[in-house]
Amino acid sequence: MLRYDASTIEPKWVERWEAEGLYRASEDPGDPRPRFYALDMFSYPSGDLHMGHAEAFSGGDTVARFAAMRGHNVLHPIGWDAFGLPAENAAIRRGLHPKAWTYDNIEQQARSFRRMGMSFDWSRRLHTCDPEYYRWTQWLFLKLFERGLAYRKNSPVNWCPNDATVLANEQVIAGACERCGTVVERRDLTQWFFKITDYAQRLLDDMDELVDYPDRVITMQRNWIGRSEGATVRFTIEETGDEVEIFTTRPDTLWGVTFFVFAVEHPLVRRLAEAGGSWDRVQPLLERVRATPLTAREEADTKEGVALDVHAVNPVNGETIPCYVAPYVLMEYGTGAIMAVPAHDQRDLDFARQHGLPVRVVITPEGQERSGEELTEAWDHEGVMVDSGPFDGERSPESIAKVAAWLQEEGRGRASVTYRLRDWLISRQRYWGAPIPIVHCPEHGEVAVPEDQLPVVLPDDVDFTPGGESPLARHPSWKHTTCPTCGQAAIRDTDTMDTFVDSSWYYFRYCSPGDEERAFDPEDVARWMPVSQYTGGVEHAILHLLYSRFFTKVLYDMGLVSFTEPFPRLMNQGQVIYGGASMSKSKGNIVEPMPLVERWGADTMRLMMLFAGPFEDDIDWKLIAGDPDKRPGVTSWLGRVFTAVGEAAERDAADPDDLRRLTHRTIKGVTDDMERFRFNTAISKLQILTNGMRAALDAGAGAREAASAVALMLAPLAPFAAEELWREVLGNAESVHVSAWPAFDEVLAREERVTMVVQVDGKVRDRVEVDADASDQACRELALASEKAVRAIDGRQIAQVVVRAPRLVNVVTSR
RNA sequence: GCGAGAGUGGCGGAACGGCAGACGCGCCGGACUUAGGAUCCGGUGCCCGAAAGGGCGUGGGGGUUCGACUCCCCCCUCUCGCACCA
């Protein structure tokens with residue numbers, strides 16, 4: 001009897017596949033096969049592979065293998081997103097150099113990927129921390145700089161006074177530094193930004209091209225970009241004559257404005273406070289807010305604010321209203337100043353009540369009077385405009401566009417659009433990243449490093465522990481250079497780029513691995529891209545995907561690529577959790593995939609992941625794993641597949657008809673499931689076919705056709721077992737992974753006899769075997785002849801008989 | 001607060017508006033075994049019943065339909081995302 005033993009099968013095929021170059025994408029221009037670019041979100045080398053990798057790459061690899069068997073020339077590359085803070089911090093904790101730590105992890109992960117049997121084209125392997133790679137990251141920075149899409153400005157950041165370093169928002173936990181627990185401060189630093197806001201509208205519009213995306217990713221991106229339509233209106237400060245613009249989505253409430261509020265960072269605040277004589281009251285507020293960490297700002301309490309003691313003139317009615325400065329108005333959104341309409345905005349109402357400001361109702365529910373003084377909740381629903389000059393009686397919200405048009409005519413404002421999206425801050429005052437290829441010249445300012453001097457190499461001999469300024473700035477010689485323009489002494493930019501810059505273009509590089517002349521060859525990219533199927537975690541639903549979409553549009557504008565969306569199809573795997581919570585070291589609930597692979601095999605690991613449920617759903621390992629020393633269910637199944645295929649291979653008899661029908665029905669169903677990434681139901685159908693083979697073999701019949709079909713369909717899911725069966729047991733010469741996906745015979749796939757359900761008044765009373773092509777009339781007669789149905793009808797009159805041949809007859813009685 | 005998604009046996013999960021619980025795990029019983037963490041066979045939603053059979057069942061309540069896990073409305077719970085966005 002043929003026994004299944006992963007430990008002898010799997011290492012053997014890892015080596016043979018490698019020797020045969022089985023997964024190398026073909027660059028032969030004469031290759032007639034359609035291309036298929038199967039892309040997995042590349043790995044971050046923070047240690048060995050974890051369960052999340054195991055699941056995501058199991059799915060991605062299944063997609064790639066299925067595409068290959070369906071006749072595609074598949075590009076399935078792998079690489080490492082290897083720069084960045086997590087690696088740097090982990091290395092510092094261990095007293096290692098980030099480079100050594102990172103490359104060690106990459107090697108470890110690469111070994112694990114091989115052991116798992118991933119069908120990668122290893123010849124395209126890349127690491128974003130290689131100078132050969134980040135040279136082109138720097139080149140892309142320069143291209144953005146040339147186009148005015150990379151610029152420097154002063155911006156507030158989170159600052160840990162103990163570690164003396166800037167922290168990313170994600171590193172601030174409850175207002176404190178994640179490493180030392182010190183309360184984080186706010187500092188203003190000059191930083192590099194990418195002008196992604198220029199592309200806000202295109203990033204929205206082009207979502208139409210994302211043909212197969214999870215809805216929630218679309219929604220999250222849409223919300224993140226946060227487009228709001230409304231109007232920009234110009235108010236004048238009475239005391240100083242300054243003109244101040246505000247953005248509002250509700251220009252129809254302009255006649256209800258009773259005060260005006262500035263954000264604390266608004267550039268006019270100090271001047272106005274001095275003009276109004278309120279500076280001694282305003283200054284403490286500004287200082288307090290400045291000292292508050294950015295992350296805590298958002299939770300800051302309600303309606304504090306200070307009167308500036310100056311006034312704004314409402315351009316629609318000439319009214320004079322008091323001005324305030326308050327933290328609830330954000331400098332980052334709109335213009336950093338707002339018109340306040342307490343009757344129709346809850347925040348404004350809260351503020352008005354706190355500060356004793358008037359409330360004026362200008363939109364009322366149809367036919368109702370409302371007094372502002374009695375209002376407890378702002379009215380933000382539709383209604384009719386009142387006390388609104390020329391617009392009295394107009395219906396809101398339809399009137400919004402009319403008011404905006406009128407503002408424009410009158411020269412007091414204009415219809416406008418505002419986005420929540422902000423420019424992408426890419427500066428990091430940390431060591432482990434691609435240096436920003438800019439030289440600061442005392443005479444010429446920010447000067448691009450000439451392309452032929454790239455890469456600006458990250459030096460190894462750096463004290464990279466955080467401590468006051470960029471580690472690169474502390475290097476004794478690195479930053480000293482000459483200005484490319486004038487040759488005078490100049491200083492390199494000592495910041496490095498956000499890791500997300502590295503990962504925003506790696507999928508282009510895969511198309512032209514090792515190209516020393518350019519980031520990628522447009523012809524290679526034209527041949528392979530856009531990506532056919534992108535697979536990865538939903539945690540990248542916003543940043544990585546948005547940045548990649550942005551980069552692609554910039555490259556399109558540069559004429560280097562002919563498409564504007566890099567990933568029209570995206571598949572998100574769920575997370576692997578444990579006991580309802582994410583796995584983490586502090587919870588002590590981490591389960592690693594490699595021990596499972598060593599013990600039961602990579603095929604078992606893959607099948608456990610894919611059979612656990614729909615690919616996009618979370619997997620709670622605690623619920624599906626069972627005893628780690630006991631043979632998992634999917635392993636037992638592979639064992640049954642082996643014995644059945646082994647017996648079938650030795651038997652001469654033909655497959656019996658009912659097994660043949662089951663085989664073809666299974667091919668049809670599994671093909672459909674695979675196309676829709678329904679791996680769990682595909683596996684279930686293969687298990688049913690396995691059971692069918694067992695029954696046929698036990699009855700003394702053959703099962704060779706079924707055996708071949710099983711081996712082929714198993715190939716994308718359990719590649720080692722499938723290969724062993726295909727080549728060693730069934731005696732095929734070619735690898736199962738370059739064999740054609742099985743075809744099915746429509747006639748055989750159709751069922752011959754089906755179970756017809758007989759219902760009486762909607763309740764199942766009998767089941768009758770009928771021919772699959774039975775007529776309505778025949779089904780009706782059979783149903784009415786059913787003894788059980790007759791008993792259930794119990795002599796009542798039949799009001800209606802619903803027939804859905806051949807599956808169902810429902811006899812409705814009158815009562 | 002706003003937005004999105006999800007609630008089905010002991011568990012993971014199946015079900016073009018038409019047999020609810022496929023497939024698997026677990027469990028129960030049996031076979032083979034020195035052994036079982038191996039393998040094979042049978043059973044397994046809940047309740048009543050010896051059985052035949054009957055009743056109840058997809059978070060709760062309404063609705064549409066001959067027929068609803070599926071479609072519509074309201075509510076509850078959970079998960080995720082955003083969160084003073086003017």
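Keep in mind that this is a model prediction, so the values were computed, not measured. We name chains A, B, ... by the order of the sequence lines, and we start the count at 1 in each one. Computed from heavy atoms alone, side chains included, the values below leave out hydrogens, waters and symmetry copies.
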Tell me what [X] touches on the nucleic acid: a base, only sugar-phosphate, or nothing, going by heavy atoms under 4.0 Å.
X	answer
A:Leu808	base
A:Val802	base
A:Arg631	sugar-phosphate
A:Gln759	base
A:Phe611	base
A:Gly633	sugar-phosphate

From the options [options], select the nucleotide whose nearest atom is closest to the side chain of [X].
X	options	value
A:Arg804	B:C66, B:A38, B:G55	B:C66
A:Pro614	B:A14, B:C82, B:G18	B:A14
A:Val757	B:U39, B:A15, B:C19	B:C19
A:Arg422	B:C85, B:A14, B:G18	B:C85
A:Arg765	B:A14, B:G55, B:C85	B:G55
A:Lys630	B:G37, B:A83, B:G53	B:G37
A:Asn680	B:C66, B:G12, B:G13	B:G13
A:Lys303	B:C84, B:C85, B:G18	B:C84
A:Arg640	B:A4, B:G24, B:G18	B:G24
A:Thr219	B:G3, B:G12, B:A14	B:G3

Protein-nucleic acid N or O pairs under 3.5 Å, nucleotides 78-81 of chain B:
none

Write down the distance between [atom1] ([X]) and [atom2] ([N]), rounded to a whole number of angstrom.
X	N	atom1	atom2	answer
A:Asn691	B:C40	CG	P	10 Å
A:Phe642	B:A38	CZ	C1'	16 Å
A:Glu769	B:C19	CD	P	15 Å
A:Arg347	B:C84	CZ	P	9 Å
A:Glu787	B:A52	CD	C1'	13 Å
A:Leu686	B:G24	CG	C1'	13 Å
A:Asp350	B:A86	CG	P	16 Å
A:Tyr578	B:G12	OH	P	14 Å

Return the nucleotide paired to [N]: Watson-Crick means purine N1 to pyrimidine N3 with N6-O4 or O6-N4, wobble means G-U with N1-O2 and O6-N3, both under 3.5 Å.
N	value
B:U70	none
B:A51	none
B:G7	B:C76
B:G26	B:U44
B:G1	B:C82

Using the [atom1] atom in both, what is the distance from [N] to [M], to the nearest Å?
N	M	atom1	result
B:C56	B:G67	P	16 Å
B:C85	B:C75	C1'	31 Å
B:A14	B:U58	C1'	12 Å
B:G21	B:U44	P	12 Å
B:G12	B:A51	C1'	35 Å
B:G43	B:U34	C1'	29 Å
B:G7	B:U70	P	11 Å
B:G3	B:U8	C1'	26 Å

With respect to the phosphate group of [N], does any side-chain polar atom (N or O) of [X] fall under 4.0 Å of OP1 or OP2?
X	N	value
A:Arg420	B:A83	yes
A:Arg678	B:A15	yes
A:Ser636	B:U39	yes
A:Lys763	B:C56	yes
A:Ser228	B:A86	yes

Do the ring planes of [X] and [Y] sit parallel (below 30°), tilted (30 to 60°) or perpendicular (above 60°)?
X	Y	value
A:His540	A:Phe500	perpendicular
A:Phe351	A:Tyr328	tilted
A:Tyr4	A:Phe642	tilted

Side chain A:His355, main chain A:Leu357, donor-acceptor under 3.5 Å: no
Expected output: side-chain A:His344 to main-chain A:Ile363 donor-acceptor under 3.5 Å: yes
B:G9: syn or anti, per glycosidic angle within 90° of 0: syn
Lys/Arg cation over aromatic A:Trp255: A:Arg360, 6.0 Å, 45° cone: no
Residue from A:Asn314, A:Thr335, A:Leu407 passing side-chain contact (heavy atoms from CB on, under 4.5 Å) with A:Val233: A:Leu407
Side chain to side chain, A:Val634 and A:Arg606, heavy atoms closer than 4.5 Å: no
Minimum side-chain heavy-atom gap A:Asp761-A:Val811 below 4.5 Å: no
Within the 6.0 Å centroid threshold, strictly below: A:Phe260 and A:Phe235: yes
Residue closer to the 5' end of RNA chain B, A:Lys788 versus A:Gly639 (nearest nucleotide): A:Gly639
Closest-nucleotide ordering on RNA chain B, the 5'-leading residue of A:Leu623 and A:Arg807: A:Leu623
Neighbour count above 12 (heavy atom, 6.0 Å) for A:Lys668 NZ: no
Sidechain N-carboxylate O distance under 4.0 Å for A:Asp698, A:Arg694: yes
